[in-house]
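See below for the structure under consideration.
The shown structure was predicted, so the numbers you read here are calculated from the model rather than taken from an experiment. Whatever order the structure lists ligands and atoms in, that order sets their numbers, starting from 1.
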Amino acid sequence: MDLWSIILTIWYILPAYFANMAPVVFGGGSPIDKGRNWIDGKRVLGDHKTFRGLISGIVVGSVIGLIQLRPIQGVLLSTGAMTGDLVGSFIKRRLDIPPGGNAILLDHEGFLVFSILFCFWYDPLSAEQIIFLIIITPILYEMTNFIARKLNLK
Ligand code: CTP
Ligand code: MG
């Protein structure tokens, strides 16, 4: 993969990354599952998945798409990212992982896979680009988390 196609691939996925980060800043308030339990008696999604977080993710990701002059991709990628995030939390609750608890594959790849799927029919990526994103996303995710934690500490 050459440098230009790496840059294009990261450019492509930016709305999903911003959608995934927005709830950390703008989230909070009433949870999407309204405190309700699933049939297994555990929370459907948990307190960390809020309406404000969901809406802010879709809005911020879509605005990034607008700035990129890729409005449709912005909406599809950010809606996909937020859907993947909810699916990830749903699975985490079934596995008894508490809100905020780590789940390697779900946290790192869930939003990514869903954003790629949502956007694929409109603007498909190559297999090489998808593999690149699957590899690079956990690394970028951990780096962003590390920096965010450092900033909170001071
Ligand atoms: N957040 C939110 N609404 C969402 C998604 C996230 O308000 N729909 C906020 C919450 O404050 C959450 C933070 O963003 O704690 C980080 O999001 P994420 O890592 O996706 O959630 P977790 O705290 O890890 O919770 P879970 O275990 O359910 O994934
Ligand atoms: Mg998390």
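Nearest heavy-atom pair, Leu112 versus His108, reported as atom, atom and distance to 0.1 Å: CB-O, 4.4 Å.
Neither the backbone nor the side chain of Ile97 has a heavy atom within less than 4.0 Å of ligand 1.
Under a 4.0 Å heavy-atom criterion, Pro98 is in contact with ligand 1. Within the structure, the closest approach of Pro99 to ligand 1 falls below 4.0 Å when heavy atoms are considered. For Lys92, the heavy-atom gap to ligand 1 drops under 4.0 angstrom. Contact analysis puts Arg93 in contact with ligand 1, with a non-hydrogen atom separation below 4.0 angstrom.
When each atom of ligand 1 is checked for a heavy atom of His48 under 4.0 Å away, the hits are 1 (N), 2 (C), 3 (N), 4 (C), 5 (C), 6 (C), 7 (O), 9 (C), 10 (C), 12 (C), 15 (O), 22 (P), 23 (O), 25 (O). Atoms of ligand 1 lying under 4.0 Å from any heavy atom of Gly27, numbered from 1 in the order shown and given with element: 7 (O). Numbered from 1 in the order shown, with element, the atoms of ligand 1 that lie under 4.0 Å from a heavy atom of Asp85 read 5 (C), 20 (O). Within ligand 1, counting atoms from 1 as listed, the ones closer than 4.0 Å to a heavy atom of Ser89 are 26 (P), 28 (O), 29 (O).
Of the protein's non-hydrogen atoms, Pro23 CB, 3.3 Å is the one closest to atom 6 (C) of ligand 1. Scanning the protein heavy atoms around atom 7 (O) of ligand 1, the nearest turns out to be Thr50 OG1, 2.6 Å. The closest protein non-hydrogen atom to atom 16 (C) of ligand 1 is Val24 CG2, 3.9 Å. Closest to atom 18 (P) of ligand 1 among all protein heavy atoms lies Lys49 NZ, 3.7 Å. Nearest to atom 19 (O) of ligand 1 among the protein's heavy atoms is Tyr141 OH, 4.2 Å.
In terms of N/O distances under 3.5 Å, ligand 1 is not approached by Asp107. The N/O atoms of Gly100, backbone and side chain alike, include one that comes under 3.5 Å of an N/O atom in ligand 1. Geometrically, ligand 1 and Gly28 share a nitrogen or oxygen pair separated by less than 3.5 Å.
In the displayed structure, Ile104 atom CD1 is contacted under 6.0 Å by at most 12 heavy atoms of other residues, nucleotides or ligands.
The side-chain heavy atoms of Leu125 and Leu133, taken from C-beta on, include a pair separated by under 4.5 Å. Counting heavy atoms from C-beta on, the side chains of Glu109 and Ile134 come closer than 4.5 Å. Using a 4.5 Å heavy-atom threshold, the side chains of Phe26 and Val59 count as separate. Trp121 has its side chain within reach of Leu76: a pair of non-hydrogen atoms, C-beta onward, lies under 4.5 Å apart.
Phe90 does not carry Arg93 over the face of its six-membered ring by the limits of under 6.0 Å from the centre and within 45° of the normal.
No chain of hydrophobic side-chain contacts below 4.5 Å, direct or via other Ile, Leu, Val, Met, Phe, Trp or Tyr residues, connects Ile10 to Ile131. Cluster membership for Val113 and Phe111, using ILVMFWY side-chain heavy atoms within less than 4.5 angstrom, is not shared.
For the residue pair Ser115 / Tyr17, no side-chain donor-acceptor distance below 3.5 Å is found, with atom types taken as modelled.
Salt-bridge check for Lys49 with Asp33: failed, with every basic side-chain N at 4.0 Å or more from each acidic carboxylate O.
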